Amino acid sequence: MSSKITIIGAGSVGSTIAYTLSGEDIASEIVMIDINKEKVEGEVMDIEQGTCFRDPVSIVAGEYEDAKDSDIVIITSGIARKPGQTRIELTQTNVNILKQITPEIVKAAPKALYIIVSNPVDIMTYVFTKISGLPENQIIGSGTILDSARLRCGLSEHFKVAQRNIHAYVFGEHGDTSFIPWSTARIAGVNVDDYYEMMPGFEKLDKEAMLTYVQKSGGKIIANKGATFYAVTRGVCRLCSILMSASESVTTVSSMMHGEYGIEDVCLSTLALVGPKGIHSKIPMTLTEEEVEKLKISADALKSVIAQIEL
Ligand SMILES: NC(=O)c1ccc[n+]([C@@H]2O[C@H](COP(=O)([O-])OP(=O)(O)OC[C@H]3O[C@@H](n4cnc5c(N)ncnc54)[C@H](O)[C@@H]3O)[C@@H](O)[C@H]2O)c1
């Protein structure tokens, strides 16, 4: 694959994405941009010096104009929460960074597909959608890709079956109001509840505990090692590969809602068909009434944050 990918933010997430891309065949050109020039130059040198055993790939620390003709731009820039800072204050700080970056990167790469990773990712995706002026299909929030991956990991451990045989998703906010639409969760085409019934020898699945595992994994990893970056990197690199493929794939990403499930003017994750033109469409998967209600609670929580920030 011969694509150009620009990564904004050379912190733990941005650098791990660049490093992972440098070992795969998704990108032939990688540009990294960060306000911290020493950091980004150090990361680029370290990554570049490990690329001699693969086909040539270009990795540079650049400025916004170097993002010209990028196929994909990944936004990971942001500031971590400081002691005493509220979530809303942090959100406004990261929104302000995004507002600073957006005109410059969009001017340089108006045709790129944008993957938003910075948190709170649904709010950042919403703000980027509002201020970038780009068509919505070009804007993909990484949303609950990571949460759905955590769910598949947890279910795979519980049912002792390969993750590729599990089709189960996390919907809504990438955060506290996310939920698992269990009615849609399948193992090799079999509903999770039926699978448990028909397969002897498994402990009954504690669905609440599984949701807690999904929601609290990020906090636990941050408490243990300071940041989370490996699993999200795998999700983002997979998304890059999907965007560079010949046909669409199904995944949970955050994007603008336009009346689906009765929700509009907010970005959150549901199932979407994603491919070379970005978001092709959302998949109107049938949910139970209770699940639709949970999605609306998630949308309302995000809308209340949007109401408190300065766009
Ligand atoms: N969506 C997800 O699933 C997910 C998962 C993990 C982390 N994240 C988020 O990704 C973001 C990055 O996390 P991290 O651990 O890499 O943080 P980090 O602090 O290690 O890196 C952030 C980088 O952004 C840079 N930056 C700040 N302002 C900038 C600006 N104006 N222009 C360019 N660069 C700028 C900083 O210099 C720093 O290098 C955070 O918001 C984090 O919460 C999202």
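The figures that follow rest on heavy atoms only: side chains count, while hydrogens, waters and symmetry mates do not. Each residue takes its place number in the sequence, starting with 1. Read the numbers this way: they start at 1 and go in the same order the structure lists the ligands and their atoms. Since the model is a prediction, treat every value here as computed from it, not as a measurement.
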Checklist outcome for this item: Looking only at protein heavy atoms, what sits closest to atom 1 (N) of ligand 1 is V117 O, 3.0 Å
Item to check | From V236, T228, L146, T144 - option closest to atom 6 (C) of ligand 1 by heavy atom | outcome: T228
Checklist entry - When you measure from the side chain of D34 to the backbone N and O of K37, does any donor-acceptor pair fall under 3.5 Å? => result no
Checklist entry - What part of V232, side chain, backbone, both or neither, has a heavy atom within less than 4.0 angstrom of ligand 1? => result side chain
Next on the checklist: Under the rule for side-chain contact (heavy atoms from CB on, under 4.5 Å), what residues qualify as partners of Y19, not counting sequence neighbours?
Outcome noted: S22, I47
Checklist entry - Out of I8, T93, N119, whose heavy atom is nearest to atom 8 (N) of ligand 1? => result N119
Checklist entry - Is the charged tip of K225 near the ring of F229: under 6.0 Å from the six-membered ring centre and within 45° of its axis? => result yes
Checklist entry - atom 20 (O) of ligand 1: which protein heavy atom is closest, and how many Å away? => result S12 N, 3.0 Å
Next on the checklist: To check your reading of the model: name the closest protein heavy atom to atom 29 (C) of ligand 1, its residue, and the distance in Å.
Outcome noted: I35 CG1, 3.4 Å
Checklist entry - How far is atom 7 (C) of ligand 1 from its nearest protein heavy atom, and which residue and atom name does that atom have? => result V13 CG2, 3.6 Å
Checklist entry - Checking S269 side chain against G143 main chain: does a donor-acceptor pair fall under 3.5 Å? => result no
Checklist entry - Counting each atom of ligand 1 from 1 as listed, which ones have a heavy atom of T76 under 4.0 Å away? => result 11 (C), 12 (C)
Checklist outcome for this item: Quick note on ligand 1: atoms under 4.0 Å from a heavy atom of I97 include exactly 28 (N), 29 (C), 30 (C), 31 (N)
Checklist entry - Do any N or O atoms from the side chain of N94 and from the backbone of I79 form a donor-acceptor pair under 3.5 angstrom? => result yes
Checklist entry - Counting both backbone and side chain atoms, is some N or O of S77 under 3.5 Å from an N or O of ligand 1? => result no
Item to check | atom 22 (C) of ligand 1: the protein heavy-atom neighbour that sits closest, reported with distance to 0.1 Å | outcome: G78 O, 3.4 Å
Item to check | Nitrogen or oxygen atoms of I33 and ligand 1 under 3.5 Å apart | outcome: no
Checklist entry - Looking only at atom types and distance, does a side-chain atom of Q138 sit under 3.5 Å from a main-chain N or O of G278, one as donor and one as acceptor? => result no
Next on the checklist: Side chains of S178 and Q215: any donor to acceptor distance under 3.5 Å?
Outcome noted: yes
Next on the checklist: Suppose we measure from atom 2 (C) of ligand 1 to each protein heavy atom; which comes out shortest, and what is that distance?
Outcome noted: H174 NE2, 3.6 Å
Next on the checklist: Show the atoms of ligand 1 that are less than 4.0 angstrom away from any heavy atom in G11.
Outcome noted: 16 (O), 18 (P), 20 (O), 21 (O), 23 (C), 39 (O)
Item to check | Any donor-acceptor pair under 3.5 Å from H158 side chain to E203 backbone | outcome: yes
Checklist entry - Are any of the N or O atoms of D34 closer than 3.5 Å to those of ligand 1? => result yes
Item to check | All side-chain contact (heavy atoms from CB on, under 4.5 Å) counterparts of P276, not counting sequence neighbours | outcome: E248
